[in-house]
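Read through the structure below, which is laid out as structure tokens, and then see the notes.
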Amino acid sequence: MEKILDVREMVPKDRHSKIFGTFKELKPGESFVLINDHEPKPLLYQFQAEHHGEFNWWPLETGPQVWRVAIAKREVNDSKRTVTEYLQTDHKRLDNIFNKFLEDVKDKNWDKASKDFREFRIGLKRHIRAEEDILFPVFEQKTGMHEGGPTAVMRMEHKEIQELLDKILSATDSKDSAQIPNTTNALVNILTDHNMKEEHILYPESDEFLSEAERSEVVKKAQAF
Ligand SMILES: [Fe+2]
Ligand SMILES: [Fe+2]
């Protein structure tokens, strides 16, 4: 069962100590979902300042009334973070949510399908934005490869991926099970290949070109998206 900490009814001054207490009690590999009534950015910055090597931060719902974020304790506590490890962990996490969504559709559990797909879509869009706005510019600058380089291909594929996300969302919201197999298969095909290229080429090369401080900076900026 997923651990949930809803701080909306708590007096603001007690919230942070409760949240950090809950994080402390997690075993490596465990996570909890924080529910809040505003974007918890100051909390993220406090986590980054005090627990940089220990946690992952995965927004699941981003307003306008409710914010939910999964806060995970990493298996390893290592402040030397890498682009590869951070973004590859996010790929795996997103794959898991997507598989839950496919199960929901199979069970015709449309409410859960819609909730799970929204989590997936928010996570993947955020992941893509972090790549395009934070990682790719650094990669392009360090390698001198712009057009014709790997990031240009990745950007094109991101467009296709985002179009498919919109199509699947509207098929899910209209409970149009006939449209789901085509669009989800197309997404799986493109994502499998795309993620593999990133994990085997783009991310490791980025780690090689970046200094330890720059790698940490990419992770911190990506978390704050
Ligand atoms: Fe990507
Ligand atoms: Fe990626």
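Both ligands and their constituent atoms are indexed starting at 1 by order of listing. Computed from a prediction, not measured in an experiment: that's the story for all the values here.
Aromatic ring centres of Trp58 and Phe120 lie farther apart than the 6.0 Å criterion allows.
Seen from the Fe ion (ligand 1), atom NE2 of His158 and atom OE2 of Glu198 lie 120° apart in angle, a value rounded to 10°.
Nearest N/O/S atom of Glu131 with respect to the Fe ion (ligand 1) is recorded as OE1.
Remark: the Glu85 side chain and the Thr89 side chain contain an N/O donor-acceptor pair separated by less than 3.5 Å. Judged purely by distance below 3.5 Å, without hydrogens or angles, the side chains of Arg15 and Asn36 pair a donor atom with an acceptor atom.
The environment of CG in Asp14 is crowded: more than 12 heavy-atom neighbours from other residues, nucleotides or ligands sit within 6.0 Å.
Using a cut-off of 2.8 Å, one finds that His127 contributes no N/O/S atom close to the Fe ion (ligand 1). The Fe ion (ligand 2) does not have His194 among its coordinating residues (no N/O/S atom, backbone or side chain, under 2.8 Å). At least one N/O/S atom of Tyr203, from backbone or side chain, sits under 2.8 Å from the Fe ion (ligand 2).
We find the CG-CD distance between Asn56 and Glu75 to be 10.5 Å, quoted to the nearest 0.5 Å.
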